[in-house]
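Notes follow the structure.
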Amino acid sequence: MARSSSQDTMELLAPAGGWEQLEYAIHFGADAVYLASTRYGMRRRADNFDEDELPKVVEYAHAHGVDVHVTVNTMMTDEDIDDLHRYFAMLDEAGVDAVIIGDMGALAVAREVAPNLAIHLSTQASCMNAEAATLWHELGAKRIVCAREMSVDDIAAMRSAVPDELEIEAFVHGAIC
């Protein structure tokens with residue numbers, strides 16, 4: 001769930017590990033869904049989506065007023081970074097709203113190749129302090145997904161110490177997606 005103090009809004013973000021989960025998330029009121037393709041996502045046990053399905057996923061979600069965030073949260077090798085240029089361009093062309101990244105190299109490629117994609121920092125990056133959150137924001141992150149170990153008080157302290165336009169997202173049900 002994300003909250004932006006500058007807009008005072010809250011978003012219900014739900015996982016969509018496959019078509020069935022996507023349809024349920026939308027049916028039960030998600031404002032946005034996060035999902036992975038068969039590459040670069042850490043949720044290996046989910047069904048995930050083939051790259052050629054992503055435009056259909058985005059079209060379906062957007063038709064229901066729901067944003068799509070795609071996880072690109074694995075740690076990247078040089079070979080991965082080389083392919084990310086193609087991958088981010090494909091996500092941008094498909095109309096994906098945001099990417100959830102955990103690697104600084106991936107962030108650099110996303111900024112270069114797909115300026116329409118919002119960049120969200122994955123919880124995998126374990127951002128637990130305002131200094132780190134502000135630095136990620138300066139590098140291009142629109143949203144920080146807090147480390148799962150943070151308490152509500154820790155998150156409130158971070159919120160008060162980072163730029164207003166930096167969105168904060170927190171898992172509200174523990175460490176499981």
Side-chain angles (χ1 to χ4, degrees), residues 1-76 80 84 86-103 106-107 110 114 116-127 141-152 154-156 159 166-177:
M1 194 171 293
R3 182 165 191 257
S4 170
S5 70
S6 64
Q7 297 173 343
D8 200 28
T9 61
M10 191 159 308
E11 171 186 78
L12 177 60
L13 174 66
W19 278 103
E20 182 179 17
Q21 295 87 357
L22 173 69
E23 291 168 354
Y24 276 116
I26 291 170
H27 176 76
F28 286 105
D31 299 302
V33 294
Y34 68 95
L35 52 92
S37 76
T38 53
R39 298 196 67 178
Y40 307 121
M42 294 190 83
R43 299 181 73 227
R44 296 284 184 207
R45 291 186 188 165
D47 289 337
N48 295 322
F49 295 92
D50 292 328
E51 286 184 26
D52 62 347
E53 288 182 286
L54 290 176
K56 296 175 196 137
V57 168
V58 173
E59 181 180 350
Y60 179 80
H62 285 177
H64 291 86
V66 173
D67 287 347
V68 176
H69 306 174
V70 174
T71 59
V72 186
N73 58 350
T74 57
M75 296 299 109
M76 301 293 165
D80 294 331
L84 281 180
R86 175 203 62 81
Y87 188 73
F88 282 132
M90 178 274 300
L91 294 178
D92 194 25
E93 186 175 317
V96 168
D97 299 287
V99 289
I100 304 168
I101 60 102
D103 180 271
L107 180 143
N116 297 319
L117 292 176
I119 297 170
H120 298 177
L121 182 69
S122 174
T123 190
Q124 301 305 100
S126 297
C127 186
K142 175 183 176 188
R143 177 181 295 179
I144 301 297
V145 185
C146 297
R148 296 175 187 185
E149 298 81 7
M150 292 180 73
S151 69
V152 172
D154 294 337
I155 294 167
R159 172 72 272 157
L166 177 59
E167 298 174 0
I168 303 277
E169 178 179 321
F171 281 75
V172 295
H173 49 71
I176 297 175
C177 291

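Computed over heavy atoms, backbone and side chain alike; hydrogens, waters and symmetry mates excluded.
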What pair of heavy atoms forms the shortest contact from [X] to [Y], and how long is it?
X	Y	answer
Val33	Ala25	CG1-CB, 3.8 Å
Ala114	Phe88	CB-O, 3.7 Å
Ala16	Gln21	CA-CB, 3.9 Å
Leu117	Ala98	CD2-N, 4.5 Å
Cys146	Thr123	O-OG1, 2.9 Å
Ala30	Ala14	CB-CB, 4.1 Å

Working to the nearest 0.5 angstrom, can you tell me the gap between [X] [atom1] and [Y] [atom2]?
X	Y	atom1	atom2	result
Leu91	Asn116	CG	CG	12.0 Å
Thr71	Leu35	OG1	CG	7.0 Å
Ile144	Glu169	CD1	CD	10.5 Å
Ile155	Ile168	CD1	CD1	8.0 Å
Leu121	Leu166	CG	CG	9.5 Å

Next on the checklist: Is the shortest side-chain heavy-atom distance between Tyr34 and Asn73 below 4.5 Å?
Outcome noted: no
Checklist entry - Is there a donor-acceptor pair closer than 3.5 Å between any side-chain N or O of Glu23 and the backbone N or O of Glu20? => result no
Set of residues satisfying side chain to side chain contact (heavy atoms under 4.5 Å, CB included) with respect to [X], sequence neighbours excluded:
X	answer
Asp154	Met150, Ser151
Asp103	Met75, Met76, Ile81, Ala106
Glu149	Met128, Ala147

Tabulate below the donor-acceptor pairs under 3.5 Å that side-chain atoms of residues 53-70 make, not counting sequence neighbours, or state none.
residue: Glu53; atom: OE1; partner: Asp50; partner atom: N; Å: 2.8
residue: Glu53; atom: OE2; partner: Trp19; partner atom: NE1; Å: 2.8
residue: His62; atom: NE2; partner: Asp97; partner atom: OD1; Å: 3.4
residue: His62; atom: NE2; partner: Asp97; partner atom: OD2; Å: 2.7
residue: His64; atom: ND1; partner: Tyr60; partner atom: O; Å: 2.8

